[in-house]
Amino acid sequence: MARMTRKESHALTRERLVETAKRLFMADGYNATPLEKVATEAGFSKGAVYSNFATKHELGLAVLDVVHVERAQSLVDAMLAHDTMAERIEGFARWADENIGDVGWTALEVEFATSTRHMPEIRTELAERRSTLTAMLATVIRTQADQLGLELPLPAEDAALQLLSLGIGLGVQRAIDPELPVSAIVDLLRSQIAAARTSAAVDG
């Protein structure tokens, strides 16, 4: 069996640190989790953390990147596994109920943003990630519309921003009160689809 190269070893160490940090940040909180604990739980020294991440905030951004990709992929899977729009909306509703308001995820997003609010460079990084999330959601919306032959009544990016904004607000409220239904965001999606169908009918 061939030995790992230095580059491969470095990548594996980084991946393990991010996965460990993600678990600890979401379970215990971002501010409450010291880098020493991340290193120990991952099986490394604190020096290994600093050889991969200049600061804890840099590690936090890497964790958010992983979380965003995982949640986005689970959303795509929940919707595109079905053929009809009604089934896809139901898939979205189930995903929303399971993910929007997840305490660990919501707390990590809010805590990281508030604890780095006086750091312009981090705010810029977060803004770029928000833009990327919006673009990813817009792609999903555009794909859905194309597959079903619908004409969007507004740019996909605007529709995505509406859903994302409501989802963030709803997520914070559901983290406090898990009994709060996700019907508001599901209804918003239904209204966007209804408007797209009306627009397609008028154009046709």
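Computed from a predicted model, the values in this text were never measured in an experiment.
With Ser191 contributing its side chain and Leu188 its backbone, the two residues share a donor-acceptor pair below 3.5 Å. Checking side-chain atoms of Ser131 against main-chain N and O of Ala127 turns up no donor-acceptor pair under 3.5 Å. The backbone N or O of Glu125 sits less than 3.5 Å from a side-chain atom of Arg129, completing a donor-acceptor pair. Proximity of a side-chain donor or acceptor of Thr20 to a complementary backbone N or O of Leu17 within less than 3.5 Å is not detected. Side-chain N or O atoms of Glu8 include one that pairs as donor or acceptor with a backbone N or O of Thr5 at under 3.5 Å. Ser9 places no side-chain N or O within donor-acceptor distance of the main-chain N or O of Arg6, the cut-off being under 3.5 Å.
We find the CZ-NE2 distance between Phe112 and His57 to be 6.5 Å, quoted to the nearest 0.5 Å. Atom-to-atom distance recorded for Glu121:CD and Leu126:CG is 10.5 Å, nearest 0.5 angstrom. Separating the CE atom in Met85 from the CD atom in Gln144 is a distance of 5.0 Å, to the nearest 0.5 Å. To the nearest 0.5 Å, atom CD1 of residue Ile168 and atom CG of residue Leu163 are 11.0 Å apart.
A salt bridge does not link Arg117 to Glu111: none of the charged side-chain nitrogens sits closer than 4.0 Å to a carboxylate oxygen. A salt bridge links Glu70 with Lys22; the closest basic N to acidic carboxylate O contact falls under 4.0 Å. Salt-bridge annotation for Asp28 and Lys37: present, with a side-chain N of the basic residue lying under 4.0 Å from a carboxylate O of the acidic one.
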For residues 152-162, please give each side-chain donor-acceptor pair under 3.5 Å, one per line with the distance, not counting sequence neighbours.
residue	atom	partner	partner atom	Å
Glu157	OE2	Arg142	NH2	2.6
Gln162	OE1	Gln192	NE2	3.1

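In this structure, Arg23 and Glu41 approach most closely via the heavy-atom pair NH2-OE1, 3.4 Å. The nearest pair of heavy atoms linking Leu75 to Trp95 is N-NE1, 3.4 Å. In terms of heavy atoms, Arg71 sits closest to Trp105 at NH1-CE3, 3.3 Å. The two atoms that bring His82 and Ala78 nearest to each other are CD2-O, 3.3 Å, heavy atoms only. Residue Gly60 comes nearest to Tyr30 through the heavy atom pair CA-CE1, 4.1 Å, listed as atom of the first residue, atom of the second, then distance. Between Ala96 and Val182, the shortest heavy-atom contact is O-CG1, 3.7 Å.
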#### Entry: Trace of the salt bridge (Lys or Arg N to Asp or Glu O under 4.0 Å) decision for Glu90 with Arg190
CA-CA 10 Å; Glu90 287 305 312; Arg190 285 197 174 101; 3.3 Å; yes

### Task
List the steps, then state whether salt bridge (Lys or Arg N to Asp or Glu O under 4.0 Å) holds for Arg174 with Asp97.
CA-CA 10 Å; Arg174 276 174 58 87; Asp97 191 51; 3.3 Å; yes

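A cation-pi geometry, defined here as NZ or CZ lying under 6.0 Å from the six-membered ring centre and within 45° of its normal, does not hold between Lys56 and Tyr50.
Residue Leu59 is tested with Asn52, Leu35, Thr33 for a side chain to side chain contact (heavy atoms under 4.5 Å, CB included); the sole match is Leu35.
Enclosure of atom CD in Glu36 by more than 12 non-hydrogen atoms of other residues, nucleotides or ligands within 6.0 angstrom is indicated.
The hydrophobic clustering, which links ILVMFWY residues whose side-chain heavy atoms are closer than 4.5 Å, places Val66 and Met26 together.
Under the 4.5 Å side-chain criterion, counting only non-hydrogen atoms from C-beta, Leu61 is not in contact with Phe53. In this structure, His68 and Glu109 have side chains that are in contact, with non-hydrogen atoms separated by less than 4.5 Å.
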